[in-house]
Amino acid sequence: MDPQYHPKAIEPEVQREWERTRAFAAPDASPKPKYYCVSMLPYPSGKLHMGHVRNYTINDALYHYLRMKGMNVLMPMGWDAFGLPAENAAMANGVAPAKWTRENIAYMKKQCQAMGWAIDWSREIATCDPSYYRWNQWFFLRLWEKGLVYKKSGMVNWDPVDMTVLANEQVIDGRGWRTGAVVEKREIPMWYMRITQYADELLDSLDGLGWPEQVKQMQRNWIGRSYGVEFVLPYAPETAKRMADGKRGLKVFTTRADTIMGITFAAVAAEHPLATEAAKGNPALEAFIEECKRGGVQEAELATMEKKGVPTGLFVLHPVTGEKVEVWVGNYVLMAYGEGAVMAVPGHDERDFAFAKKYGLAIVPVIDVDGKPYSTDAWQPWYSDYGRNVNSGARFPELDGKDYPAAIDAVVAKLASLAVPAAKRVQYRLRDWGISRQRYWGTPIPIVQCPKCGDVGVPAGELPVVLPEDLVPDGSGSPLAKTPSFYETKCPKCGGAAKRETETMDVFVDSSWYYMRYCSPDAPTMVDERAQYWMPMDQYIGGIEHAILHLLYARFWTKAMRDMGLIRIDEPFTNLLTQGMVLNHIFSRRTNKGGIEYFAPDELEIATDAEGRITGARLMADGSAVDYEGIGTMSKSKRNGVDPQDMIDRYGADTARFYVMQANAPTDTMIWSDEGVNGAFKFLNRLWALVHEQVSAGVVAPFREGELSSELRALRLKLHRTIEKVGDDYGRRLQFNTAIAAVRELLNLQETVKDRGPAGRAVAQEVLEGSVLLLAPVVPHIATVLWRELRPGTRLLDQPWPAVDPAALVQNSIELVVQVNGKLRGHLQVPAAASREQIEAAALRHEAVARFAEGRTPKKVVVVPGRLVNVVV
RNA sequence: GCCGGGAUGGCGGAACUGGUAGACGCACGGGACUCAAAAUCCCGCGGUGGCGACACCAUGUGGGUUCGAUUCCCACUCCCGGCACCA
């Protein structure tokens, strides 16, 4: 055995052996219980980053542990290969997105293999392959048939200079990122998936999932179910004449129908049909509507905007009193929620209050909250609290005195008696999923637009609609729309000349079901029985940034597949682990021109104060001063990323893996530390040296339990306790840092034992074998080689998880903590079988108890078995 | 504004169900080995007082429950994340 640890020599050798034996190919049937664990598939941006290393190493450690525990484990890998960055890279370098993407995949796959992750590569998929995205198209058409896909006009960001649609992230401060032109909102026809049809199920079945509470709560808020009442505010006679829309009035939705007697005006969104009608011949209103429509689609800014509005001159009637109520256009009313129209009750709604104040409209309080005095001078938060109805007026006196639920029922009944359409209704914040993207590098939407037949689906036999791969976007609209060979086609229905849809699907479509395709990557159908075997996924691992959209779309997609009979599960991901981000220090300085220049930590000499805190740095090249900016996400622009390849080259994959796993819990944010990496490397060297020392001293004979010294018995006790703890940490807690710490404790203790006799060496062998097995999930390369040395002729991958020896856990005497009044005062050695009374007696005789009781008589003695005894005086 | 999570040494963190606060590691200080350095090994390392045995203080702040609180309860401060005019 080599006395030195040489990761660069052993890692490729071990990896070749894994590849040769197809060590990580998972069979699609097995007498063992299945376990399916997946990491969110990476975007092939060029090379792996530390976030990937962390993500896949967590997954990998879990893989190895559960495999050792006797399960049939599958860990696949794929590539989220469509998307905007490929188009941007194409524009920058003039390379086709397909070529760029495929080269990145090839390079990153090599890196994954160099990291030694136990991936079943026979199941690899890339979402840009026609063999994958054809099923996006096929399923899209099935959804369309079932009414779960539909087309309607939607709002997009439009760059008027490039004449192109912009993604939200391409809009910076309301301007296009390339042109700097003020972005407009524009309505164009888009395809939607009716995710709202599943809103209730998506919300209700969250409860049973083994997901972080935080993520479940984020999804609950996103779906945003609220219970309310919809009703019609009848048009006033002259408005009814003008509208002529066949409707009786203005439909509104409210969660506060109890405040109906406080209505003093109504408000509609700028896009509401009533607003459009009212704007005819009303230049002021027309201008205001235009103003509302301008600007990006970003809603966050809207919240802080001042409430503004313009009266329409149109009137509705209060459904109970019949009084005329003016309709305004308000910039705070959202077209996309409810009916795009609201009853306004300034007395009990903060927005309506602000609006009424601004335009001098009446404020009428109709709810009494615990008798608190109401004043219209300024809004108080409790004005919107629930309470009892008051001031309900002569037409509805029976409403007075009712509380919220009773008032709602009374209002619905009253409206019914007045023949006003009204009903209780559930409303969701969730909106349908717009999947159309006016981009090139994505799944083509399989629709043909025929001048005679309208939108016609591409017949299943003609799928996939293949995306041409040789196009290079130039930023001015999608290249597909400029490629007649792609869009010129014949109508599948009538055979006449027709035009293909040139839009592509949102990349979230690709990631909504890839984890099912892994199960049967070669199937001639979307999925087959193999998906039935592996799904639902037992453990999903990925970034918290996907807490809402990806995870919600994937859940929706699964339910839609279920309802189409393709899969028999309700939820795709039984357990979810959201890993923390990887951060690093950021160094920068102002340039003469007033810009900011960033520096990579490895080109700096970092200065610290007496306590080791970073105060600043100097550029190694010229010694000039650089400022310390603090800590932030690893990013290219801030130049604070650490390249996993450098780690592999300098220390080997095992060190990189060990470092990211031992630093902290997987869900915590991790701050990068070069010293920490070095510490990890040192540990692996030490482990190697310990095994080398053991192995080079020759073969050991088995020991006999009864003949061990107390020191060796203590070491075995520690070993078997560590086996218990590490298994619990890996399997139940998914907390690898404490598992690693426990093994370090074990080895620290082992090194204090100097017994080199046959018994000492035999126990050392047991401890080293155990340690190697316990660490194998984290550092499989070094563990493979060390195992070979410890147990020649056997293979690490065939070893089960070590068993706990109950005999090793037996103790003759145990140490208890002695407390007086809850304060630690001493320790006490008692026989393991000592009774409560014996422990109490021994504690009372203890010297520390006598000293701290200071003559006072013990009132009470608390004994916590196996832990402590507390004397209360 | 609403919802969720958090705050423990110089630093990352541990303490899982109310039971020895600071495991394990990093950094730092001292020593051994060496011509020297690196590597390695040994010792120390929350604060205050004391030569020392030891004592007191200490888990963001203030209170409470308990024999006993980092852990539970109440109030507050700050930090992070999500949503954000959702009627």
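As the structure is a prediction and not an experimental result, all values here were calculated from the model. So you know, we letter chains A, B, ... as the sequences are listed, proteins then strands, and number each from 1. Values below: all heavy atoms of this structure, side chains included; hydrogens, waters and symmetry mates excluded.
The side chain of A:Arg733 lies closest to B:A15, out of B:A87, B:U20, B:A15. When distances are taken from the side chain of A:Glu675 to each of B:A87, B:G82, B:A27, the shortest belongs to B:A27.
Residue whose closest nucleotide on RNA chain B sits further toward the 5' end, between A:Phe852 and A:Ala665: A:Ala665. Map A:Val871 and A:Ala663 each onto its nearest nucleotide of RNA chain B; the residue landing nearer the 5' end is A:Ala663.
The 12-atom threshold is exceeded at NZ of A:Lys357, counting heavy atoms of other residues, nucleotides or ligands nearer than 6.0 Å.
The base of B:C83 is not paired with the side chain of A:Asn221 by any donor and acceptor separated by under 3.5 Å. On a pure distance criterion of 3.5 Å, no polar donor-acceptor pair joins the side chain of A:Lys859 and the base of B:C67. A donor N or O paired with an acceptor N or O is found under 3.5 Å between the base of B:C86 and the side-chain atoms of A:Arg431. One cannot find a donor-acceptor pair under 3.5 Å joining the base of B:C3 and the side-chain atoms of A:Arg220. Scanning atom types as modelled, one donor and one acceptor separated by under 3.5 angstrom connect the side chain of A:Arg351 and the base of B:A87. Side-chain atoms of A:Gln214 and base atoms of B:G81 include no donor and acceptor less than 3.5 Å apart.
A:Arg220 has a carboxylate O that lies under 4.0 Å from a charged side-chain N of A:Glu213, or vice versa, which qualifies the two as a salt bridge. Salt bridge A:Lys725/A:Glu745: absent, no basic N to carboxylate O contact under 4.0 Å. We find that A:Glu693 and A:Arg756 are joined by a salt bridge, their nearest charged nitrogen and carboxylate oxygen being less than 4.0 Å apart.
Looking only at distances, no side-chain donor or acceptor of A:His348 sits under 3.5 Å from a matching main-chain atom of A:Tyr386. Here the side chain of A:Tyr359 pairs a donor or acceptor atom with the backbone of A:Gly309 at under 3.5 angstrom.
Remark: B:A38 base-pairs with no nucleotide; criterion is Watson-Crick or G-U wobble with both hydrogen-bond distances under 3.5 Å. The nucleotide B:A55 finds its pairing partner in B:U48, both defining distances of the Watson-Crick or G-U wobble pair being shorter than 3.5 Å. In this entry B:G81 has B:C3 as its Watson-Crick or G-U wobble partner, both defining distances falling under 3.5 Å. B:U66: no Watson-Crick or G-U partner with both key distances under 3.5 Å is found in any strand. In this structure, B:C76 forms a base pair with B:G60, meeting either the Watson-Crick or the G-U wobble geometry with both donor-acceptor distances under 3.5 Å. Pairing of B:G12, defined by two Watson-Crick or G-U wobble distances under 3.5 Å, is identified with B:C24. The nucleotide B:C86 finds no pairing partner, because no Watson-Crick or G-U wobble arrangement with both distances shorter than 3.5 Å includes it.
A:Asn664 comes within contact range of the sugar-phosphate backbone alone, with a heavy-atom separation under 4.0 Å but no base atom that close. Across all strands, A:Gln427 comes closer than 4.0 Å to no nucleic acid atom at all (heavy-atom distances). Within 4.0 Å (heavy atoms only), A:Asn678 reaches no atom of the nucleic acid at all. Nucleic acid contact class of A:Leu868 (heavy atoms, under 4.0 Å, all strands): base. If you check every strand for non-hydrogen atoms under 4.0 Å, A:Val861 touches nothing. Residue A:Asn737 is in sugar-phosphate contact alone, with no base atom involved, counting any heavy-atom pair closer than 4.0 Å across all strands shown.
The same atom, C1', is picked in B:G25 and in B:G81; the two are 28 Å apart, to the nearest Å. Taking atom C1' on both nucleotides, B:C11 is separated from B:C33 by 30 Å, rounded to a whole Å. Here, B:G52 and B:A32 have their C1' atoms 27 Å apart, quoted to the whole Å. Here the separation of B:A7 from B:U59, taken at their C1' atoms, is 9 Å to the nearest Å.
In this entry the base of B:G9 is syn relative to its sugar, with a glycosidic angle within 90° of 0.
Atom CG in A:Asp674 sits about 16 Å away from atom P in B:G12, given to the nearest Å. Whole-Å rounding puts the A:Ile223 CD1 to B:C83 P distance at 14 Å.
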